[in-house]
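Below is one structure, written out as structure tokens; the observations come after it.
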Amino acid sequence: MARRLGYVLHWADAGSVLGLVEQAAGLGVDVVLLPSSAHLDAQTLNRLMGFADVECACPRESFARWSVLGGVHR
């Protein structure tokens, strides 16, 4: 999916003490790819959308990052 959408893929480090949001922010990613939206709770999705788009494979869903003009980067 990453290749088809034109993104370079970085896997999250399952052994890290950092959560998904902190790992993604540290890498400066543009998008987070997930198998499904069921892998996230609403709070985590909201935090990710503060700096990255979120793409889910099944069902195919896209969540665009919050506008820089409409909110505050956390």
Side-chain angles (χ1 to χ4, degrees):
M1 183 174 174
R3 191 175 318 125
R4 188 177 47 194
L5 294 173
Y7 293 108
V8 175
L9 183 62
H10 295 277
W11 290 95
D13 182 359
S16 176
V17 296
L18 299 175
L20 174 64
V21 175
E22 291 78 14
Q23 288 185 53
L27 288 169
V29 301
D30 292 319
V31 66
V32 174
L33 303 176
L34 298 169
S36 79
S37 58
H39 282 76
L40 296 178
D41 58 35
Q43 183 179 12
T44 303
L45 178 60
N46 184 54
R47 289 178 61 209
L48 282 171
M49 290 172 55
F51 62 89
D53 296 335
V54 178
E55 297 285 340
C56 301
C58 187
R60 184 70 176 93
E61 296 177 299
S62 298
F63 301 92
R65 75 186 79 195
W66 299 118
S67 168
V68 174
L69 300 175
V72 178
H73 177 72
R74 295 181 193 122

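Computed from a predicted structure; not experimentally measured.
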Subject >> Residue list, side-chain contact (heavy atoms from CB on, under 4.5 Å) with Arg60, at least two apart or on another chain >> reply: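 Scan of Arg60 (side-chain contact (heavy atoms from CB on, under 4.5 Å), adjacent residues dropped) gives Met1, Leu5, Glu55, Ser62.
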Subject >> Residue list, side-chain contact (heavy atoms from CB on, under 4.5 Å) with Ala24, at least two apart or on another chain >> reply: Val29, Val32, Leu48, Phe51
Original post:
Roughly how far, to the nearest 0.5 Å, is CG of Leu45 from SG of Cys56?
Top reply: 7.5 Å
**OP:** Hey, could you give me the CG/CZ distance between Asn46 and Phe63, rounded to the nearest 0.5 Å?
**Re:**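 Interatomic distance, Asn46 CG to Phe63 CZ, rounded to 0.5 Å: 11.5 Å.
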Subject >> salt bridge (charged side-chain N to carboxylate O under 4.0 Å, His left out) partners for Glu22, two or more places apart >> reply: Arg47
Original post:
Among all residues two or more places apart in sequence or in another chain, which pass the salt bridge (charged side-chain N to carboxylate O under 4.0 Å, His left out) test with Arg4?
Top reply: none
Original post:
Can you pull the side chain to side chain donor-acceptor pair (under 3.5 Å) pairs that have at least one residue in residues 5-16, sequence neighbours excluded?
Top reply: none
**OP:** Mind jotting down which residue pairs meet the side chain to side chain donor-acceptor pair (under 3.5 Å) criterion with at least one end in residues 27-45? Sequence neighbours excluded, please.
**Re:**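 As it turns out, the side chain to side chain donor-acceptor pair (under 3.5 Å) pairs with a partner in residues 27-45, which skip direct neighbours, are Ser36-His39, Ser37-Glu61, Asp41-Thr44.
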Subject >> Minimum-distance pair of heavy atoms, taken over all atoms of Ala12 and Leu20 >> reply: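 Scanning both residues, the minimum pair turns out to be CB-CD1, 4.3 Å.
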Original post:
Minimum heavy-atom separation for Val54 to Val31, with atom names?
Top reply: N-CG2, 4.4 Å
Original post:
Does one hydrophobic cluster hold both Leu34 and Leu27, with members joined at side-chain heavy-atom distances below 4.5 Å?
Top reply: yes
**OP:** Spell out, as yes or no, whether a donor-acceptor pair under 3.5 Å connects the side chain of Asp53 to the backbone of Arg65.
**Re:** yes
